[in-house]
Amino acid sequence: MIVDSLGRQFSNLRLSLTAACNYACTYCVPDGKRLQAADAELEADEMIKITRLLMAAGGINKLRITGGEPLLSPKFDEVLPAVMKLGLSDVSVTSNGQLIPRKANLILDSGLKRINISLDTLDADKFRSIARSGDLATVLKGIDLLQAGGLKIKVNMVPMRGKNEDQILPLLEYCLDRDIELRFIELMNMGHLQHSALHTTQLFAMQDILDLIATRYEFVRADAPIDSTAARFHIPQRGHFGVIANESEPFCRTCTRLRVSSNGLLYGCLSNAKSYNLREVLHLPEALALAKVQQVLNSALRDKQTVSFRGEVTVMKFIGG
Ligand code: SAM
């Protein structure tokens, strides 16, 4: 077991299938520029092998498939059904939802139980001004399709002052009506936002969110798993919502997350650009590969921040959001 001095270990892997995305969200990429996909992405079978090695060498038992936009990658069709058979205790996907209507059958057939869909607004114009692409109605249709197929859905929203904070209550109402847990993600200090004036002016922090929700609902703090990144709240008779308060209530001390980018780089911390290339272990004999992965995990665990999320120049769509 690989454990650090704070008792932290890796158990959750976020595997990025591709750095490419069909959106260009304002908080993710700078000024309308679509960042190109990284060269030399791993093949689907290499991603599956890396997942298996991390399970065997490091005790990884939960996996989230992410990106970029994972459904954009042809690898999704191979990786999802394969990782569902690896014996992980939990598999989930994070998607912007734009391609769900096309992939719904594959997702439902794979046996996936839950999915997080990013949605920052219910207003079609605001949608296009934040995502700078895509279509709101398609995302809503995707949510309906997967819910009808029995998937548990969470919606992720990034509230930004002056952009979409007026969407907090409509989105909450939409989610409560559908038994969907809404997760507000505080704007993170990453990529082009790192230490920028834009981050400071647009950050709509947990207390701002709670104050706004309190104008319409009564709620209480609810229990959350110890390694959860979200502070959870319960609105009696209606449901739950959460806030991922990386700025206001950092969760670094209990973080169990590990990331592998689509080009095979392993990151122990979202707030640290240090990475380890896993490509070289792919062709080693099994025992050597496992030993090497253990060594990498030991180093990566030391890269984790201890107290707070400092921010990093890395961009979520590359490191795997
Ligand atoms: N394309 C998928 C999606 O949209 O869910 C997966 C990748 S995306 C990078 C994962 C999550 O990161 C999304 O919920 C997105 O809103 C969030 N994200 C990206 N940059 C962020 C930032 N600077 N602050 C907060 N959340 C961010």
Side-chain angles (χ1 to χ4, degrees), residues 14-31 34-35 37-38 63-73 76 80 92-100 103 107 114-121 126-127 130-136 138-139 142-143 146 153-161 163-165 167 171 181-196 198-206 209 229-230 242-248 250-251 257 259-262 267 270-271 309-321:
R14 300 196 165 208
L15 177 66
S16 172
L17 293 199
T18 177
C21 190
N22 42 1
Y23 287 7
C25 297
T26 54
Y27 46 76
C28 193
V29 291
D31 251 358
R34 273 159 203 275
L35 299 185
L63 172 69
R64 175 174 296 283
I65 295 174
T66 182
E69 173 48 38
L71 274 59
L72 196 59
S73 168
F76 181 76
L80 177 65
S92 56
V93 172
T94 302
S95 168
N96 61 31
Q98 199 58 222
L99 293 172
I100 286 177
K103 298 278 179 180
I107 292 172
R114 59 192 203 90
I115 187 163
N116 286 17
I117 297 177
S118 303
L119 179 60
D120 297 318
T121 172
K126 283 184 196 275
F127 181 95
I130 296 171
R132 296 189 281 210
S133 188
D135 163 57
L136 172 64
T138 310
V139 179
I143 290 175
L146 293 188
I153 296 181
K154 283 187 186 148
V155 164
N156 289 341
M157 172 197 191
V158 181
M160 288 167 286
R161 191 179 303 281
K163 280 251 177 193
N164 65 342
E165 80 263 43
Q167 295 297 300
L171 257 169
E181 190 159 324
L182 178 58
R183 291 280 165 99
F184 301 100
I185 309 179
E186 281 186 350
L187 187 64
M188 295 175 88
N189 216 341
M190 294 195 65
H192 66 298
L193 292 185
Q194 200 203 12
H195 307 312
S196 71
L198 205 58
H199 179 260
T200 315
T201 52
Q202 288 191 342
L203 176 67
F204 199 77
M206 174 151 84
I209 297 167
T229 53
V243 185
I244 302 184
N246 32 275
E247 296 281 326
S248 311
F251 34 81
R257 280 154 194 79
R259 288 176 161 81
V260 175
S261 68
S262 55
Y267 295 84
L270 197 54
S271 186
F309 183 82
R310 291 194 311 234
E312 196 38 91
V313 289
T314 40
V315 179
M316 288 283 261
K317 69 180 277 199
F318 278 114
I319 194 172

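Every number for a ligand or one of its atoms is a count from 1 in the order of the listing. Side chains included, hydrogens not; waters and symmetry mates left out as well; all remaining heavy atoms used.
Only the side chain of Asn156 comes within 4.0 Å of ligand 1, counting heavy atoms alone; its backbone N, CA, C and O stay farther away. Within the 4.0 Å heavy-atom criterion, neither part of Cys25 lies near ligand 1. Looking at Val158 against ligand 1, only its side chain comes within 4.0 Å, counting heavy atoms.
A heavy-atom distance below 4.5 Å is found between the side chains of Arg114 and Arg64. Annotation: side chain of Arg161 is in contact with side chain of Phe204 (closest heavy-atom distance under 4.5 Å). For the pair Glu69/Gln98, no side-chain contact is recorded, criterion being any heavy-atom separation below 4.5 Å from C-beta on.
Heavy atoms of Glu186 come nearer than 4.0 angstrom to ligand 1 in at least one pair. Using a 4.0 Å heavy-atom cutoff, Gly68 is listed among the residues neighbouring ligand 1.
Leu63 and Leu15 make their closest contact through CD1-CB, 3.8 Å (heavy atoms, listed as atom of the first residue, atom of the second, distance). In this structure, Pro70 and Ile65 approach most closely via the heavy-atom pair CB-CG2, 3.9 Å. Looking at every heavy atom in both residues, Leu203 comes nearest to Glu186 through CD1-CB, 4.2 Å.
Residue contacts with ligand 1: Thr94 is placed with no nitrogen or oxygen under 3.5 Å of a nitrogen or oxygen of the ligand (distance criterion only). Checked against a 3.5 angstrom limit, the closest N/O atoms of Asp120 and ligand 1 fall outside it. Taking only nitrogen or oxygen atoms, main chain and side chain alike, Thr66 does not reach within less than 3.5 Å of ligand 1. Considering backbone and side-chain atoms alike, Met188 places an N or O below 3.5 Å from some N or O of ligand 1.
Shown here are the ring-ring contact (aromatic ring centres under 6.0 Å, His included) partners of Phe251, two or more places apart in sequence or in another chain: there are none.
Distances below 4.0 Å separate heavy atoms of Asn96 from the following atoms of ligand 1: 2 (C), 3 (C), 4 (O), 5 (O).
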